[in-house]
Enquirer: 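This is the structure I have questions about; it appears just below.
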Amino acid sequence: MFEKDEKINSLVDMGFSEDEANMAIIRCGVDGDLSVLVDSISASRVAGNLNLSNHQVMGGCFDSFGGRKKARLVEERKKKRKRCGCTGQSNQPSLDCNHDEDMLIPNPMVGFNLPNYSLPLVRVTRRILEQDMGPPYFYYENVARAPTGVWATISRSLYDIQPEFVDSKHLCATARKRGYIHNLPIENRAPLLPSPPMTIFEAFPRYKKWWPSWDQRTQFNCLLTGVAGPKLTGKIGRALASADTPPSQSIQKYVIDHCKRYNLVWVGKNKVAKLEPQEIEYPLGFPKDHTRGLGDTNRYKSLGNSFHVDTVAYHLSVLKGMFPNGVNVLSLFTGIGGGEVALHRLGINMRTVVSVEIDKASKRIFRDWWNQTQTGTLIEIDDVKSLTDDQVATYVTTFGGFDLVIGGSPCNNLAGCNRSSRHGLEGKQSVLFHHYVRILNAVKSAMARK
DNA sequence: GGGAACATGAAGCGACAC
DNA sequence: GTGTCGCTTCATGTTCCC
């Protein structure tokens, strides 16, 4: 009984009514995962609004990877069932078999299509139910390498739409493996121009002078929220200074391992250094000095948490022809405004942006950028938890609806480098994903009533 | 007190050998 | 088909220092 009360409280905190929470527990059982309960309520709401009684049955009908890939997925699942002793015949979700719901990430990670990508891509026959097509268009982002089962849950919560996994290394000089779920068209996309540099030396030619031949990196790994300090770079310098020329294999490995982990660059003889914040802005697609004015720690953190602008812009580019008079945007987890920068660089006018962001430093960066570049209306809200369905409905009435709902919910509990609290979608921060779903459903409902 | 630096783990995947 | 190894990762908690 305690567990039931706790789950009801959690759902009420998310903005659902007590009746809805109770009904979901009756449908799914008190043992049902919180995400399953949220899905159940969302599905009920959509079914209610659209007068559909079999929404769950109608969902999940995409053919994501083409025949061979799909067959491989089925094979993999069979193998995993075998390994864990599951029969796969039960309709009930099993906690022991969560990995049964994993989602294969394509290799290479190039999404549905990419500009100037020469290799043949997998056939995409994405199907989206009519009631889930835009407007409103939505765009959701998070880390690709989330714990097993997370992307299946996210996809299920977002109308069973297939995620598009893209590594930004195919578009710029730095890796950033991300998954995107959206209901945007995928034909006639256009990249931002000029194209960003694809290698470290193209982006930062001055580092070529001191780059040793045995450091064969041509691109950076993912630019994270943390960076190396002077103690580490000093240690590397001393190790190289006392080593032979060229250094022994073991010294080389020690240095390269740290260079890869912290994306260090060569700034002198035997001298490595971290990238400066303004250097990180560049490959991520932000304007120069976008984050200037904050302390370096906040700059690294906000940039590490941001969108890759060129990737997002490529996906959003289809909106340009669809909305020549501009768009109304509901921006959840805005951060430093990667989505808005992408729209701006595409030349898409933002008539209104309702921005929800809790971090004061990121809000300041985004507000400053908005005031310098935009003429539309900016409404700021502090927390997704405080944005009620009624408020959403009022905004829909006031602005005539939202054309785009965009955001990437916190990855803290999903990211591979979190060694202490990688708890998945129910983790302290990442649980906010359910508010994205709730708010998106509120927008859809309000717009359907218009 | 707050910002910066440091030390830290493991899940998940691909490549490869057998 | 299976096991092993190496690599990558939108981070976190603690300590240090101003």
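Proteins get letters first, then strands, A, B, ... in listed order; numbering begins at 1 in each. Computed from a prediction, not measured in an experiment: that's the story for all the values here.
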Enquirer: Is there a donor-acceptor pair closer than 3.5 Å between any side-chain N or O of A/H308 and the backbone N or O of A/C172?
Expert: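 No, because the side chain of A/H308 does not come within donor-acceptor range (under 3.5 Å) of the backbone of A/C172.
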Enquirer: Could you tell me whether the side chain of A/Y254 reaches within less than 4.5 Å of the side chain of A/K235, counting heavy atoms only?
Expert: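 Sidechains of A/Y254 and A/K235: in contact.
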Enquirer: Measure the shortest side-chain to side-chain distance between A/D359 and A/S302 over non-hydrogen atoms and say whether it is less than 4.5 angstrom.
Expert: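 No, side chains not in contact.
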Enquirer: Is there a residue in residues 287-299 of chain A whose heavy atoms reach under 4.0 Å of DNA chain C, and which residues are they?
Expert: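 Output list: empty, so none.
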Enquirer: Between A/A228 and A/N418, which is nearer to the 5' end of DNA chain B once each is assigned its nearest nucleotide?
Expert: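 Residue closer to the 5' terminus by nearest nucleotide: A/A228.
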Enquirer: In which ranges does DNA chain B form stems of 3 or more consecutive Watson-Crick or G-U pairs, distances under 3.5 Å?
Expert: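 For DNA chain B the paired stretches long enough to count as stems (3 pairs minimum) are B:1-8 with C:11-18, B:10-18 with C:1-9.
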Enquirer: Nearest to the A/S420 side chain among C/dT12, B/dA5, C/dC10, which nucleotide is it?
Expert: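 Nucleotide nearest to A/S420's side chain: C/dT12.
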Enquirer: Is there side-chain contact between A/K269 and A/W210, with heavy atoms separated by less than 4.5 Å?
Expert: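 A side-chain contact under 4.5 Å exists here.
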Enquirer: Side chain of A/C411: nearest nucleotide among B/dA5, C/dC10, C/dT12?
Expert: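 The answer is C/dC10, which lies nearest to the side chain.
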Enquirer: Between the base of B/dC13 and the side chain of A/R145, is there a donor and acceptor pair under 3.5 angstrom?
Expert: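 For A/R145, whose side chain was compared with the base of B/dC13, there is no donor-acceptor pair (under 3.5 Å).
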Enquirer: Please state the P separation for the pair C/dC10 and B/dA7 - nearest whole angstrom.
Expert: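 Between the two P atoms, the distance is 23 Å.
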Enquirer: Between A/E281 and A/R292, is a salt bridge (charged side-chain N to carboxylate O under 4.0 Å, His left out) present by the stated rule, with each step listed?
Expert: CA-CA 10 Å; A/E281 290 166 351; A/R292 196 162 183 173; over 6 Å; no
Enquirer: Under the rule for side-chain contact (heavy atoms from CB on, under 4.5 Å), what residues qualify as partners of A/R345, not counting sequence neighbours?
Expert: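 side-chain contact (heavy atoms from CB on, under 4.5 Å) list for A/R345, sorted by chain: A/L192, A/V309, A/D310, A/V341.
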Enquirer: Go through B/dA7, C/dC10, B/dG9 for me and flag the one nearest to the A/Y262 side chain.
Expert: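 Side chain of A/Y262 sits closest to B/dA7.
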